[in-house]
Amino acid sequence: MKITQNLHIHSHHSCDSGCAKLEDIRKDHEALGVQHYAVTDHLHSQYNISDIESCRHDFLGWNFPANFHFGIEVSLIACWERDRIAAGDFIAKGDVPIYGFRDDTRPFDGNMCIDLTENDIRKYGLEFVVGGIHWPLGYPDTRSGVIDNYFQQEMFLAAHPLVNVVAHPWDSISLAAADWFLHRDRKADWTIYNEIPQEMNDALGRAILENGKLAEINLPCVLKVPEYVTRFYMQCFSKWRDSGVKFTIGSDQHSAHPDAELFSKMEALLDEYGFTENDFALPFETK
């Protein structure tokens, strides 16, 4: 099938190494024949809100076509991180909490949030919200603890009233399993995907469906991984599809230009697993 949407793109305004210019995003996706595409820069906390504001200002400065959409990707953080940032409790210590406080090893107390409000959505003209997990909350000391931590986060996103799309399920869990967030010299441990219980995937699929969310098929998360991880994702997505879940496509582009080869590979994989255009939806039309 032909991929006709890309609803996960980072511009040069994004805090996470994005470098695509908005006009290039338009030109590139028109050349790819993508009918709907969107900029979705990162918001980890209100510390990053100026990035969204600058992107919105840039976006409004162009006469973009109606099929170029303005969204956002929010991260889950612990509530204590949100509160500490709101209080400015980092300036004296010289911290720069672009990603929150990832070096804080306090145990996770179960209280998590996205640092986005309905007022932010109105103020910045956000057409939809993509919610993603980018790290563990706290530092689980067992592999089962890592999986449970991510599962809690996935379920939180699936139920959150402001989230429209659950981004790249389970992404970064391979880094959490390797304790990469504290020890950056370690390589990702992809084998943890083999240990994710089927019951968790089933429960997440039900939560996405029952809460009226869309699930994202993220190109690099499915394709730039070991083959058994690709199978994990496609088997999971196929089962969700059969239960009624609808999907979006996202390239998660951080580079200046999209990788056209990823699109063609994903199209072939979607055909292999029996996906059709009817399995995909647009969040700004379903919310």
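- With ring centers used as reference points, Y228 lies 6.0 Å or more from Y193.
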Could you walk me through whether K239 and D202 pass the salt bridge (charged side-chain N to carboxylate O under 4.0 Å, His left out) test, one step at a time? CA-CA 8 Å; K239 192 169 184 180; D202 292 345; 3.3 Å; yes
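- Ring planes of Y47 and F90: perpendicular class, angle over 60° (limits at 30 and 60°).
- How far CG of D16 is from CG of D41: 10.0 Å, rounded to the nearest 0.5 Å.
- Checked against side chain to side chain donor-acceptor pair (under 3.5 Å), H57 has no partners two or more places apart in sequence or in another chain.
- Counting non-hydrogen atoms of other residues, nucleotides and ligands closer than 6.0 Å to CD of Q198 gives a total above 12.
- Between the side chains of Y99 and S75, no donor-acceptor pair is found at a separation under 3.5 Å.
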Please determine whether side chain to side chain contact (heavy atoms under 4.5 Å, CB included) holds for the pair L219 and H8, giving the CA-CA distance in whole Å, both sets of side-chain angles, and the decisive distance to 0.1 Å. CA-CA 10 Å; L219 271 59; H8 191 155; over 6 Å; no
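- The side chain to side chain contact (heavy atoms under 4.5 Å, CB included) check on T248 picks up Q5, L7, V165, L214, E216, P283, with sequence neighbours excluded.
- The ring-ring contact (aromatic ring centres under 6.0 Å, His included) with Y37 is formed by just one residue from the set F263, F70, F68; it is F68.
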Are R84 and S45 close enough, and set up right, to give a side chain to side chain donor-acceptor pair (under 3.5 Å), and what steps lead you there? CA-CA 11 Å; R84 182 176 165 188; S45 74; over 6 Å; no
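- Taking the six-membered ring where the residue is Trp, H134 and H44 present perpendicular rings, their angle passing 60° and hence far from 30°.
- The aromatic rings of F247 and F275 sit perpendicular, their planes meeting at an angle over 60°, well past the 30° parallel limit.
- For the residue pair H10 and D252, a side-chain donor N or O sits within less than 3.5 Å of a side-chain acceptor on the partner.
- F108 and Q152 make their closest contact through CE2-OE1, 4.0 Å (heavy atoms, listed as atom of the first residue, atom of the second, distance).
- Using a cut-off of 4.0 Å between Lys/Arg side-chain N and Asp/Glu carboxylate O, E53 and R56 are scored as not salt-bridged.
- More than 12 non-hydrogen atoms from other residues, nucleotides or ligands lie less than 6.0 angstrom from NZ of K2.
- Checked by atom type, the side-chain pair N201/Q235 shows no donor-acceptor distance below 3.5 Å.
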Do L116 and L126 pass the side chain to side chain contact (heavy atoms under 4.5 Å, CB included) test, and can you show the C-alpha distance, the side-chain angles, and the key distance before you say yes or no? CA-CA 11 Å; L116 180 77; L126 300 174; 4.1 Å; yes
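- For the residue pair E73 and H168, a side-chain donor N or O sits within less than 3.5 Å of a side-chain acceptor on the partner.
- More than 12 heavy atoms of other residues, nucleotides or ligands sit less than 6.0 Å from atom CG of D185.
- Every residue meeting the side chain to side chain contact (heavy atoms under 4.5 Å, CB included) condition with K265, not counting sequence neighbours, appears here in chain and number order: L223, E261.
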